[in-house]
Peer 1: 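Take this structure, written in structure tokens, and hold onto it; I'll ask about it next.
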Amino acid sequence: MKINDLSLYSKYAFRDLIRSYSKILSIIITLLISLFILSTILTIEDSLENELNENSKVLLGGDLEIDYNNREGDRDLIKKIENISTVSQIVEFSTMISTVEKKLNKTSFTRIKAIDQNYPLYGDVIFEPAGSLKKLNEIDNTILVNENIFKNLNLKINDIVKVQNVKFKVIGVVKVLPDIGGAFVFGDFALTGKNTLDKLELNTLGSFLNYEYKIKFDDYKNKDKKINEIKKIFKNNDKVKIRYPENSAGGIKRIIDNFSQFLSLVSISAMLIAGIGIANTLLSFINQKNSSIAVQKAIGINSGNIKTIYYLQLLISLIFISLVAYGLSFLLVPVVDKYISDGLGLNIKASFSLTNLFIVFVVGLLVIIIFSIPTVNSIDQIKASSLFRNVFQSLQFKYTKLSISLSLLLLTILVILFAFRSSIPTYSLIYFASFFVCLVVFFYVSQLIILLLRKNLIKLGISSKIAIKNITQSKSITPITVMSLGLGMTLLLTLAFVGSNFKSEIAKSIPEIAPDYFFLGIQNNQKDLFKKIINDTDKEAVTEIVPMVSAGLVKINGIDPNTYISNTNDSYWVIMNDRRVSWANTIPKDNPILEGSWWDTSQPNKLQISLDSKVAKDFGVDIGDKFTLRIYGREVEGEVVNFRLVNYQDLSINFAMLLNPQFAENIPHEYLSTIKFKNIKRFNEVNFLDKFPSVSIIKISDYLSKVTNVLNKVFIAVSIISAVTVIIGLVVISSAIIVQGKIKIFQNLVFKILGFSKKEIIMSSIIEFIISFLSIIFFSTIFAVLASKFIIENIFQLKWLFELNIFLYVTTGVGIATLALIVITNFRYLSPKVYPLVRNE
Amino acid sequence: MSNVSLNYNIDNNSINILKNISFEVDYKETISIVGESGSGKTSLIMLIGGLEKISAGNIFFKDSEISNMTEDEISEIRRKNIGIVFQSFYLIPNYTALENVSLSLEINKLDNATKKAKEILDRFGLSNRFNNLPSQLSGGEQQRVAIARSVVMKPELILADEPTGNLDSENTENISNLLFNYIKDENASLIMVTHDNNLANLTKRKITIKDGVISENQ
């Protein structure tokens, strides 16, 4: 086609579109909703990426971070760095904060950051009242606590709290910390002065202390030179980790990637369901244009050029819809920003991205072409000779080998585009495969319903007969209803089952499996006293106490794992910092060995390591591989001898690495304990901390309520987003009914002439809905049960249960919404005017 | 047209619509095709316009055989040389009178399409109806627009299927005057299917079709 022709046909397309856009309004709406969701996801993802990239220095807390782990930095080396940059020294540790009043019995496991006067090098700390941050390093024994501690411990400004055995004055509340790239994302936190920390006797914290040095280059232009200088300073010191801004916030990035992947899949589901509606509405639109197309053919426009006009109309609509959808997505960013800034302390701003706009447009284009090929090809069925006979045949989708191949090719491109943009392509591919299997099954379900009802096996009332006739007629909307609502319902039910199972499993684990408390940092000489006090408090308390030492995994087969394992790896936490490791004589009963064998007792002097099987898989470790662990600054090489299946969800004591006791027992160590009390009320946390000021207590119920709270919010957000697929399904059904409009009007007119009541006609619509909806529920439930069972049992490794309440809520909710929509949409056809129809107007 | 036949297969039965039809149309000649309903009149002009495929025989337009051309090739011939007038007008409902007429000119990439369309509408007495949609026009006006659309390209052949079939007597007379005057002025040929003897008598030759064969050609 020449440029001149294209310009001419574009003119016709534009004119037709302006004059008949109301007839394709449902195409515009469904496409707009689905592209809006996709745009929103892309815009938010992009905004978050930008925020993380632009604020990577803020998240890290400097241009560079020197992590000395659990040792204080070498003062001479630090001085050298101070000569070329500004240094802020931070010590982080986790411990208990408790009220002084024993009867209040309030404690909180808190991550405390001891900061110097240079903190923060980048970003801002948000706190109250003004000036309190500065006072931390001017007045000893002062502390700023976060809002949650302030509230839970019923504190007021200038109240006294205890950290270990030392009293601190609460001089303010800290709301947001800038450097949340590390461990400060969730949980309680507090700030104190570095000077105070130096005067405290925190020796008992031992390996729990983490020394970090944040560095800011005064002359950023020469940063590469300065980085090299710092690298030189630490050339021979492989115990020090240097972190750069691009390494910050790996955990947050992974969460964002996973959530974006899920949302992208929901949006493409909505788009594909919308595609079914687009094909149907477009066919109706072309049917209405039947005589105009025949005229165009009669005056010499060939079929190919007429099709071009219709494709151009879709293209023009898509350009407009893409721009509007992308523009509207910017309106949602402030809403999301509020949630994200509350939860993560990140502030996102929408920024225009030509790439994202292009992706939105391309995805829309692919969906439109895939679904409109058989529809637009139906134009070939229109003959100019119909104009002589004044008889126009109703058009059908036209499938040719070429069009099917082209549709499949474009569908493959669409799937690849989504799968390989996602963080885990395999999951996306499995999702797409399941989606198309469901689509095919629902299509055949609709055909089965029609086939069975055509048999007309039972005698029914008149309303039922009309309903069955409506379902079995050639222009029936049953296939569209079953496919679009079936897919939306399956997705919503699956997520509802996964969410409810996950939540109830977490909630259930409190009384059944999990202990009441974790006690961290029990020293060797405190072990017996600890046992005695617990026994005195509650003789029936179940106590588990295990040795523990801090160890860093510094080499795998002689290579630093940080050089080849990305911070987005699921098991990166194992190498990020020192981890606690333990040892055991026998295989822990909830940690079965999957590969390898338990300790070789004939080699007591050789370090043997039992590794979490998931970590082994994520790191590509085999049995017999060599791990170099750094324990108290000394590097020890050991061999991985077995892989264990570790289930962290049961909240009992679990370690990624266990060592052989014959080797490990001689290492200086402390103890970790879990206690399950028969009568938890007998245990007073403040009294306990008086006796064991260095021990940290984590109350599992508090921890779980925080987790459940987060999960609840995620579950609600996910359900709302998934409901979009159902909404799109409803728009598709509504458009299918409107497409049927003329037939319905004629049908209802005849009914009116024959003396049918409106009640009987409405009843027929309800019966029609019930027949289709029951089949949809049946098959959606089967698919949702299979999919959610697979996810719960294989991905989360939890026990799956059928949640009847959730099933009833979802099906009833969707059922009522669909029925209301069907009745409302049909209502306008209930009172047809006789005159225009009799006059064939 | 030489030995043209048209058969339809319905339920494995072949129905002969037209059998061995042969005739020629001279330059500037006007022909009416008459006959009973179902005799094959409309089928015949559909074949002449290249809107149906013949079952046997040959159809020539000037020196070109159109019966073995592809659909796109026939579209090209029709676009430039053949104008068609229908009984039910068939204007494009969401196009104005002016747009309906200029459509033919535009797809033939002629300059000043709007100006030429206005001229022909003006000539047919529709200068005050340029921007009206078909639904805002009377039946007679709609047919005048339809004729304007079919002749605006100055085709050498005009095919008309009952052009006054949906009109009252006053409009019938107006339309027939308009059509025949135009043919005379522009030296075009006309093949017209009609039941109206008065209208048929205005043509130079009358072909009568009976049961798919030419029974009279005078």
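Note that these values count all heavy atoms, side chains included, but never hydrogens, waters or copies made by symmetry. The chains referred to below are lettered A, B, ... by the order of the sequence lines, with proteins before strands, and numbering in each begins at 1.
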Peer 1: Which region of B/F86, side chain (C-beta onward) or backbone (N, CA, C, O), has a non-hydrogen atom less than 4.5 Å from a non-hydrogen atom of chain A, or is it both or neither?
Peer 2: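 The side chain, not the backbone.
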Peer 1: Which donor-acceptor pairs under 3.5 Å do the side chains of residues 312-325 of chain A make with protein atoms, sequence neighbours left out?
Peer 2:
{"residue": "A/S317", "atom": "OG", "partner": "A/Q313", "partner atom": "O", "Å": "2.7"}
{"residue": "A/S322", "atom": "OG", "partner": "A/L318", "partner atom": "O", "Å": "2.7"}

Peer 1: Rounded to the nearest 0.5 Å, how far apart are CG of B/L91 and OG of A/S292?
Peer 2: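 Answer rounded to 0.5 Å: 9.5 Å.
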Peer 1: Got a sec, which residues hit side-chain hydrogen bond (donor to acceptor under 3.5 Å, both in side chains) with A/S26, two or more places apart in sequence or on another chain?
Peer 2: A/T281
Peer 1: Give the member of B/E162, B/M153, B/R149 that has the highest number of heavy-atom pairs under 4.5 Å with chain A.
Peer 2: B/R149
Peer 1: Tell me, out of A/L387, A/I301, A/V295, who's got the most heavy-atom pairs with chain B below 4.5 Å.
Peer 2: A/L387
Peer 1: Measure the spacing between OG of B/S75 and CD of A/Q296 and express it to the nearest 0.5 Å.
Peer 2: 11.5 Å
Peer 1: When rounded to the nearest 0.5 angstrom, what is the spacing between CZ in A/F388 and CG in B/L44?
Peer 2: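 Output value for this atom pair is 10.5 Å.
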Peer 1: Can you tell me if CD on B/E186 sees more than 12 non-hydrogen neighbours from other groups inside 6.0 Å?
Peer 2: yes
Peer 1: Any non-hydrogen side-chain atom of B/I92 less than 4.5 Å from a side-chain atom of A/K289?
Peer 2: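 They are not in contact (no side-chain heavy atoms under 4.5 Å apart), so the answer is no.
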Peer 1: Under a 3.5 Å distance rule, please check whether B/R79 uses its side chain to pair with a backbone N or O of A/I299 as donor and acceptor.
Peer 2: no
Peer 1: If the condition is side-chain hydrogen bond (donor to acceptor under 3.5 Å, both in side chains), which residues does A/N290 pass it with, not counting sequence neighbours?
Peer 2: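 Partners of A/N290 under the side-chain hydrogen bond (donor to acceptor under 3.5 Å, both in side chains) test: none.
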Peer 1: Check A/G300 against B/I107 and note the closest heavy-atom contact, atom names and distance.
Peer 2: C-CD1, 4.3 Å
Peer 1: How about B/Y8: does its OH atom have over 12 heavy atoms from other parts shown lying under 6.0 Å from it?
Peer 2: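 Yes, because the 6.0 Å sphere around OH of B/Y8 holds more than 12 heavy atoms from other groups.
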Peer 1: Would you give the length of the straight line joining atom NZ of B/K53 to atom OG of A/S385, rounded to the nearest 0.5 angstrom?
Peer 2: 12.5 Å
Peer 1: Given a strict heavy-atom distance threshold of 4.5 Å, which part of B/I84 is in contact with chain A: side chain, backbone, both, or neither?
Peer 2: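 For B/I84, the side chain is the part near chain A, not the backbone.
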Peer 1: Counting only heavy atoms not in B/D211, do more than 12 fall under 6.0 Å of its CG?
Peer 2: no
Peer 1: Are the side chains of B/Y95 and A/Y12 in contact, using a 4.5 Å heavy-atom criterion?
Peer 2: yes
Peer 1: Between B/V193, B/I45, B/L51, which has the largest tally of heavy atom pairs under 4.5 Å with chain A?
Peer 2: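 So the answer, after comparing B/V193, B/I45, B/L51, is B/L51.
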Peer 1: What part of B/L103 gets closer than 4.5 Å to chain A, counting heavy atoms only: side chain, backbone, both or neither?
Peer 2: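 Interface part for B/L103: both.
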Peer 1: Check the surroundings of atom NZ in A/K383: do more than 12 heavy atoms from other residues, nucleotides or ligands lie under 6.0 Å from it?
Peer 2: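 No - once you tally the heavy atoms of other residues, nucleotides and ligands closer than 6.0 Å, there are 12 at most.
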Peer 1: Considering all heavy atoms of both residues, which atom of B/Y90 and which atom of A/S386 are nearest to each other, and what is their separation?
Peer 2: OH-O, 4.5 Å
Peer 1: Please say whether more than 12 non-hydrogen atoms of neighbouring residues, nucleotides or ligands are located less than 6.0 Å from CD in B/E119.
Peer 2: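 Check passes, neighbour count above 12.
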Peer 1: Where does B/E106 contact chain A at under 4.5 Å (heavy atoms): side chain, backbone, both or neither?
Peer 2: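 It is both, since atoms from each part get that close.
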Peer 1: Could you list which of residues 400-408 of chain A have a heavy atom closer than 4.5 Å to any heavy atom of chain B, in residue-number order?
Peer 2: none
Peer 1: Should A/R19 and B/E99 count as an ion pair when the cut-off is N to O under 4.0 Å?
Peer 2: yes
Peer 1: Less than 4.5 Å to any heavy atom of chain A: does that hold for the side chain of B/S43, its backbone, both, or neither?
Peer 2: both
